[in-house]
Amino acid sequence: MFTAGLVCSFSLYSASAAAGFEVVALGVDGGVSDGNLTSYLIRDDSQPVYLALDAGSVLPGIAKALEKGGFSDITDEVAAPLTRQGYIFRQRINSYFISHAHLDHVSGLIIGSPEDSKKTIYASADTIDVLRNYYFNWRVWPNFTDSGSGTRLGTYRMQLVRPAQSLSLGLTRLTGEMYPLSHDKSPSSMLLISSNNAAFAYFGDTGPDEIEKSKNLDTVWRKLAEKVKQQQLKGIIIEVSYPNEVDDGKLYGHMTPKWLLKELKNLEKYSGEGQPLKDLPVVISHIKPSFRQGQDVRKVIATELAQGNDMGVNFILMEQGDSQKF
């Protein structure tokens with residue numbers, strides 16, 4: 001069963017005709033909601049195992065996906081002696097990519113680690129440093145990694161990813177290239193995932209270049225434009241944390257609809273003539289819940305994206321537990 005959340009456009013990007021990727025949303029919020037924090041699974045849709053893209057909420061997301069009819073190939077008999085949730089967690093998630101080490105991107109990994117199977121964590125040097133020294137240090141949490149202080153329990157192998165260098169991602173048959181992003185005072189990263197002639201881009205938290213005084217997104221757009229020109233880019237997951245009403249000075253390395261639209265204009269510019277991004281699926285992630293009475297912040301953001309979308313981009317707001325093919 002494949003479901004999708006709020007969608008601003010229902011057309012299909014031309015690159016979707018060929019085989020591609022399956023994405024499962026394990027967590028979609030940007031903080032506050034501790035059972036629904038940023039985490040996605042992705043796989044080549046011909047392969048059984050997934051790469052986890054961040055790990056804010058893992059087990060609650062698997063449970064929600066099962067409730068929605070996801071992972072329909074995994075029966076009780078297939079999972080035995082584990083539960084279906086446990087089997088997916090231990091056997092179908094093969095490895096993790098962590099974009100940066102903020103709690104809303106790693107808490108599910110840390111909490112679930114005592115019951116996890118041996119896996120590789122792919123991350124930048126800065127992210128590995130934080131995981132090793134500030135989480136898996138026997139003070140905050142036992143050291144379930146293969147490096148760092150105290151007894152090393154070795155569940156997770158920490159794999160340093162260097163910018164712009166291609167590497168294989170566990171047993172997923174996916175390859176990836178990581179590019180740095182600017183997230184206020186915290187380094188973050190984007191992973192460009194490839195399989196055969198298909199590509200998919202996953203963004204950790206990022207602010208717009210103009211506010212961050214950075215060229216990181218510009219570099220990424222130039223890279224992705226190559227994939228757009230070759231009709232290989234199947235989709236993007238990228239954050240919009242706040243609606244347009246939030247002042248630029250209070251974004252702290254995040255984006256609003258107006259800033260994402262402005263950034264995507266650069267991708268369009270580098271991608272060729274006409275409307276090169278028409279129908280490109282762009283999944284909006286990391287929306288921060290609102291406590292204001294009567295405000296549905298997800299609907300506000302969807303509306304603001306639609307109003308400024310003269311590029312024909314297919315904006316998608318997945319809900320926790322949704323599965324979608326790209």
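L82 and I62 end up in the same hydrophobic cluster when Ile, Leu, Val, Met, Phe, Trp and Tyr side chains are linked at under 4.5 Å. Clustering ILVMFWY residues whenever any of their side-chain heavy atoms sit less than 4.5 angstrom apart, transitively, puts L171 in a cluster other than the one holding I42. When hydrophobic clusters are built by joining Ile, Leu, Val, Met, Phe, Trp and Tyr residues whose side-chain heavy atoms come closer than 4.5 Å, directly or via intermediates, Y156 is grouped together with L26. L153 and I111 fall within the same hydrophobic cluster, where Ile, Leu, Val, Met, Phe, Trp and Tyr residues are linked whenever their side-chain heavy atoms come under 4.5 Å apart, directly or through other members. Grouping the Ile, Leu, Val, Met, Phe, Trp and Tyr side chains by contacts below 4.5 angstrom, directly or via other members, places V240 with V220.
Not counting sequence neighbours, Y122 has no partner by the ring-ring contact (aromatic ring centres under 6.0 Å, His included) test. In this view, E263 satisfies the salt bridge (Lys or Arg N to Asp or Glu O under 4.0 Å) rule with no residue, not counting sequence neighbours. Qualifying ring-ring contact (aromatic ring centres under 6.0 Å, His included) partners for Y50, counting only residues two or more places apart in sequence or in other chains: F71.
Close placement of the H105 and H286 rings is indicated, their centers lying within 6.0 Å of each other.
To the nearest 0.5 Å, atom NZ of residue K227 and atom CD of residue Q232 are 5.0 Å apart. Separation of atoms CD1 (I88) and CD (Q91) is listed at 11.0 Å; rounding is to 0.5 Å. Rounding to the nearest 0.5 Å gives a distance of 8.5 Å between OH of Y252 and CG of D184. The CG atom of D116 lies 8.5 Å from the CG atom of L59; values are rounded to the nearest 0.5 Å. Between the CD1 atom of I316 and the CG atom of L305 there is a distance of 12.0 Å, given to the nearest 0.5 Å. The line from CZ of F326 to CG of L233 is 11.0 Å long, rounded to the nearest 0.5 Å.
For the residue pair Q159/T120, the side-chain donor-acceptor check at 3.5 Å is not satisfied. Using a 3.5 Å distance cut-off with no hydrogens or angles, the side chains of E239 and S241 do pair a donor with an acceptor. Residues W141 and S113 have side chains that bring a donor and an acceptor to within less than 3.5 angstrom of each other. Side-chain contact annotation: D54 with Y96, donor-acceptor N/O pair under 3.5 Å absent. Of the N and O atoms on the side chains of S189 and H100, not one donor lies less than 3.5 Å from an acceptor on the other residue. Between the side chains of N143 and T145, at least one donor-acceptor pair of N or O atoms lies under 3.5 Å.
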Given side-chain hydrogen bond (donor to acceptor under 3.5 Å, both in side chains), test D129 with Y134 step by step and report yes or no. CA-CA 8 Å; D129 179 69; Y134 297 97; 5.5 Å; no
Verdict with reasoning, L251 to I211, per side chain to side chain contact (heavy atoms under 4.5 Å, CB included): CA-CA 9 Å; L251 294 181; I211 294 178; 3.8 Å; yes
Might you work through the side chain to side chain contact (heavy atoms under 4.5 Å, CB included) test for L280 and I236, ending with a clear yes or no? CA-CA 8 Å; L280 173 67; I236 292 171; 4.0 Å; yes
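Nearest heavy-atom pair, A164 versus Y179, reported as atom, atom and distance to 0.1 Å: CB-CE2, 3.8 Å. The shortest heavy-atom contact between A101 and Y135 is O-OH, 2.9 Å. Of all non-hydrogen atoms in E212 and H183, the two that sit nearest each other are OE1-N, 3.7 Å. The shortest non-hydrogen separation linking E268 to G274 is OE2-O, 4.3 Å. Shortest non-hydrogen contact noted between G35 and S57 is C-OG, 3.2 Å. When all heavy atoms are compared, the tightest approach of T172 to S95 is CG2-OG, 4.1 Å.
No salt bridge links K229 with E226; every basic N to acidic carboxylate O contact stays at or beyond 4.0 Å. Salt-bridge check for D322 with K68: passed, with a basic side-chain N closer than 4.0 Å to an acidic carboxylate O. A salt bridge links D310 to K265: at least one charged side-chain nitrogen sits closer than 4.0 Å to a carboxylate oxygen. Ion pairing between E319 and K64 fails under the 4.0 Å rule for side-chain N and carboxylate O. A salt bridge links E245 with R292; the closest basic N to acidic carboxylate O contact falls under 4.0 Å. Classification of K325 and E22 as a salt-bridged pair fails, no side-chain N sitting under 4.0 Å from a carboxylate O.
The local environment of CG in L160 is crowded, with over 12 non-hydrogen atoms from other residues, nucleotides or ligands closer than 6.0 Å. Counting non-hydrogen atoms of neighbouring residues, nucleotides and ligands closer than 6.0 angstrom, the CZ atom of R84 exceeds 12 such neighbours. For CG of D34, the number of neighbouring non-hydrogen atoms (other residues, nucleotides, ligands) closer than 6.0 Å is 12 at most.
No side-chain heavy atom of L51 sits under 4.5 Å from any side-chain heavy atom of N94. When side chains are defined from C-beta on, I238 does not count as touching V283, because their heavy atoms never get closer than 4.5 Å. Within the 4.5 Å cutoff, side-chain heavy atoms of V228 are placed close to those of L277. By the 4.5 Å heavy-atom criterion applied to side chains, N266 and L217 are not counted as neighbours. The side-chain heavy atoms of K288 and V32, taken from C-beta on, include no pair separated by under 4.5 Å. Residues R157 and I121 are not in side-chain contact: their nearest non-hydrogen atoms beyond the backbone lie 4.5 Å or more apart. Side-chain atoms of E177 and L191, non-hydrogen and from C-beta on, never get closer than 4.5 Å to each other. Side-chain contact check for V300 versus E304: some heavy-atom pair is nearer than 4.5 Å.
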Tabulate below the donor-acceptor pairs under 3.5 Å that side-chain atoms of residues 192-201 make, not counting sequence neighbours, or state none.
residue	atom	partner	partner atom	Å
S195	OG	D44	OD2	2.4

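Although no hydrogens or angles enter the test, the distance criterion places a donor-acceptor pair under 3.5 Å between the side chain of D209 and the main chain of D218. Checked by atom type and distance alone, the side chain of D29 never pairs as donor or acceptor with a backbone atom of S33 at under 3.5 Å. A distance-only check finds no donor-acceptor pair linking the side chain of T256 to the backbone of N244 [under 3.5 Å]. Formation of a donor-acceptor pair under 3.5 Å by the T127 side chain with backbone atoms of A123 is not found in this model. Under the 3.5 Å distance criterion, the side-chain polar atoms of S285 are left unmatched by any main-chain donor or acceptor of I237. Counting only distance, with no hydrogens or angles, the side chain of S72 and the backbone of G69 share no donor-acceptor pair below 3.5 Å. Proximity of a side-chain donor or acceptor of D146 to a complementary backbone N or O of M158 within less than 3.5 Å is detected.
The ring pair (Phe, Tyr, Trp, His ring centres under 6.0 Å) analysis of residues 207-241, with sequence neighbours excluded, yields the pairs F203-W221. For residues 87-112, the pairs satisfying salt bridge (Lys or Arg N to Asp or Glu O under 4.0 Å) are D73-R92, R90-E115, with sequence neighbours left out.
In this structure, K119 satisfies the cation-pi test against F89, with its NZ or CZ atom closer than 6.0 Å to the six-membered ring centre and inside 45 degrees of the ring normal.
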